[in-house]
J.: 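Quick one: this structure, given as structure tokens, is what I'll be asking you about.
Reminder, nothing fancy here: chain letters follow the sequence lines and each chain counts from 1.
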Amino acid sequence: MDNIQISRILYETAFWMEMAGENAFAIRAHSRAGTTIKRCGRPVTTLLREKKLQTLPGIGAGLAKSIEEYVTTGKLQQLEELRSQFPRSLYGLLRIPDLGTKSIRLFYETLGIATLESLKENSLNGELAKLRGFGKKKIEKLLAGISFAEAQEGKFLLPRAERAAEEILTFLKTLPQLQKCAVTGDLRRYSVIVEELHFIVLSSEADTVLDALKEKYELQPVEKNEKAFPVFQTPEGIPFHLSFVDEASHWIPLMLASTGCAEHLAQLKTLCKDNGISWEGHVLTDSAGKTLNFETEEAFYEALSQPAYPPEVREKIQLISSDRPLDLVESSDIRGLVHCHSTWSDGAHSVEEMALASSELGYEYMLITDHSRSSVVANGLSEETIIEQHQEIDRLNVKLNGIRVLKGIEADILRDGSLDYGDDILKTFDWVIASVHNGLDMTEKEATDRLIRAIEHPYTAALGHPSGRQLLLRPAYDFDLEKILDAAVANQVALEINASPRRLDLDWRYIRLAAEKGVQFIISPDAHRIAGLQNVRFGVAMARKGGLSSCQILNSRSEKEFLQWQKKP
DNA sequence: GCCGTTTTCGGCCCGACTGTTTTCAGTCG
């Protein structure tokens, strides 16, 4: 059980306490404890063992007892009791952007609204408009939020899908009837979000394997389409299905087919025809009718005179010929971790802990970019704390071997496009990433002007999470991408490929366009804790989907080259 | 529910922004 799980339980408890009308300060204490634990660098389970839970600010005897109960039993009686008083679906309404607990409670108590459907109905039939504080604009906004939330239903972020797939694979591998299994589909291609998991299995006893799965997992109540095999679902509701082959020679064709995407597959089939290969079902045969048995996908692509397309680039893009070899960035090309937070703002680990972890992962440098002063809730750095942080970094660089810590900042782009420090402060940083964190409700023109002004700022080296989207939570703001890309090239500002799996921003579909215009990139973990450093691999996958090679990624350069690239005045 | 240069209950309580109001409530980061 990790800190994130525990913090979620505290937030949920706070939600139901508010629904139940409990003491506002008690509610606040729970949600603040949630934040404290989320940002705590040490595992709460360790603190609990050492009886040090109450050393955390805002955790007293009561909360410590609750946390202990949850950690040891996996349940929290108080939460169970609260949940039992209400329809569980109320909690899900929080997914609607701009809708908070106060409104949810009001809707429930006055109109009995507990589900997304009912909320939508009451928004449309005028019932909601009768409530004080709900005018035309608010209801319009609410309906847009409902549509967004509806569109996200049944979608999952990559890490969650990965964890689920890992568990299923582990289970499958225990079955003696199974020779081989693998995960394919959207997850293998590193799709930004995953709706279902697809596994392929080599076994001559498909029925036995399916029976074993039926015993362990629930079948999805409504079977999708007319798939040959049933659709199961994981305990957390992720649908998955399996495809079987019983001949080893069918393995690669099945793997290609189930990995997709459909357009890539169609192009492969055309290429097969051109090369005298017939592809029927999962059987590949040459012009003489002899079955072709490819050991690997690479061998298959080679037979088609194509470069070996790794799964993540098999998207709706024209295949290129083999005279232009794929030269895609690899995780091992990344030499520096840029955009990392620390305990100076809202990170869970100290600069030193983050630096040591980066060093252990083999990186040569790390750019610490804590939040700037406008991000009050994220504990953004005041001008005084910047000086202290820089002194600490200087001391660390004397002490640490093998890794260099660079002084950066994730400066807020204010509504008018300016940054929230003056030049006298900005010039003290090695690198400045400028990001939008608030005032997201802009028109396309406002957002574009705002971003361009930030790009034109002499100290901006990179634009952080350019579109502002948070996957499954809120859409990107509207902006004129071409203008932003042109401004980035003209002003020598890099665009970030934010590798946090809840952002993956810039989206890979825009990366291609950006690259054509000559934009340079950074791939950054946006890590708020040591574990977050690992997110870089998602960013690398997105860069690869976008067709980037290492020369387009600034943090694949040496520290010196990375620093020299920017146009500091 | 937590906290205390208030030692035992009373105070705690971000700030900007929006949309609804005409002085405020809700949401967000």
J.: Between dC14(B) and dT20(B), how many Å separate the two C1' atoms, rounded to a whole number?
T.: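 My reading of the C1' atoms in dC14(B) and dT20(B) gives 22 Å.
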
J.: Heavy atoms under 4.0 Å, any strand shown: does Asn438(A) hit a base, just sugar-phosphate, or nothing?
T.: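 If one applies the 4.0 Å heavy-atom cut-off, Asn438(A) turns out to touch nothing in the nucleic acid.
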
J.: So, do His437(A) and His371(A) have ring centers that fall under 6.0 Å from each other?
T.: yes

J.: Are the charged groups of Glu50(A) and Arg42(A) less than 4.0 angstrom apart, N to O?
T.: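 Yes, Glu50(A) and Arg42(A) are salt-bridged.
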
J.: Strictly distance-based, threshold 3.5 Å: is any side-chain N or O of Thr443(A) a donor or acceptor partner for the main-chain N or O of Glu446(A)?
T.: yes

J.: Using the C1' atom as the reference point in each nucleotide, state the distance between dC2(B) and dT7(B) in Å, no decimals.
T.: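 15 Å, rounded to whole Å.
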
J.: Remember a base hit wins even if backbone is also touched, and classify Ile27(A) as base, sugar-phosphate or nothing at under 4.0 Å, heavy atoms.
T.: nothing

J.: Taking dC13(B) as the reference, what is the distance to dT5(B) when you measure between their P atoms (whole Å, please)?
T.: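 The answer is 14 Å between these two P atoms.
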
J.: In terms of the nearest nucleotide of DNA chain B, which residue is placed more toward the 5' end: Leu94(A) or Gly58(A)?
T.: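 Its nucleotide being nearer the 5' end, the pick is Gly58(A).
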
J.: Roughly how far apart, to the nearest Å, are dT6(B) and dG11(B) at atom P?
T.: 14 Å

J.: Taking only residues two or more places apart in sequence, or in another chain, which ones meet Trp508(A) in a ring pair (Phe, Tyr, Trp, His ring centres under 6.0 Å)?
T.: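 Trp508(A) satisfies ring pair (Phe, Tyr, Trp, His ring centres under 6.0 Å) with no other residue.
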
J.: With C1' as the reference atom in both, quote the distance from dC17(B) to dT23(B) in angstrom, rounded to an integer.
T.: 16 Å

J.: Once you apply a heavy-atom cut-off of 4.0 Å, does Ala61(A) come out as touching a base, just sugar-phosphate, or nothing?
T.: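 Result for Ala61(A) = sugar-phosphate.
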
J.: Within the 4.0 Å heavy-atom criterion, would you say Arg415(A) contacts the bases, only the backbone, or no part of the nucleic acid?
T.: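 Sugar-phosphate contact only - Arg415(A) comes under 4.0 Å of backbone atoms but never of a base.
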
J.: Would you say Arg544(A)'s side chain and Glu312(A)'s backbone share a donor-acceptor pair under 3.5 angstrom?
T.: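 No, the answer is negative, given that no donor and acceptor are paired below the 3.5 Å cut-off.
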
J.: Mind checking if Ser375(A) touches a base, just sugar-phosphate, or nothing, with heavy atoms under 4.0 Å?
T.: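 Contact class for Ser375(A): none.
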
J.: Tell me what Arg474(A) touches on the nucleic acid: a base, only sugar-phosphate, or nothing, going by heavy atoms under 4.0 Å.
T.: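 Sugar-phosphate contact only.
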
J.: Using every non-hydrogen atom in the two residues, find where Cys40(A) and Leu56(A) come nearest and quote the distance to one decimal.
T.: SG-CD2, 4.0 Å

J.: Nearest heavy atom decides the nucleotide; on that basis, is Ile104(A) or Arg132(A) closer to the 5' end of DNA chain B?
T.: Arg132(A)

J.: Check every nucleotide of DNA chain B for an atom under 4.0 Å from a heavy-atom of chain A, then give the first and the last such nucleotide from 5' to 3'.
T.: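 Nucleotide range in contact with chain A: dG1(B) to dG29(B).
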
J.: Partner of dT8(B) by Watson-Crick or G-U wobble geometry, both contacts under 3.5 Å, or none?
T.: none

J.: Contact class for Ser374(A) vs. all strands (heavy atom < 4.0 Å): base, sugar-phosphate, or nothing?
T.: nothing

J.: Assign the ring pair His528(A) / His341(A) to parallel, tilted or perpendicular, where the plane angle (0 to 90°) is split at 30° and 60°.
T.: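 His528(A) and His341(A): parallel rings.
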
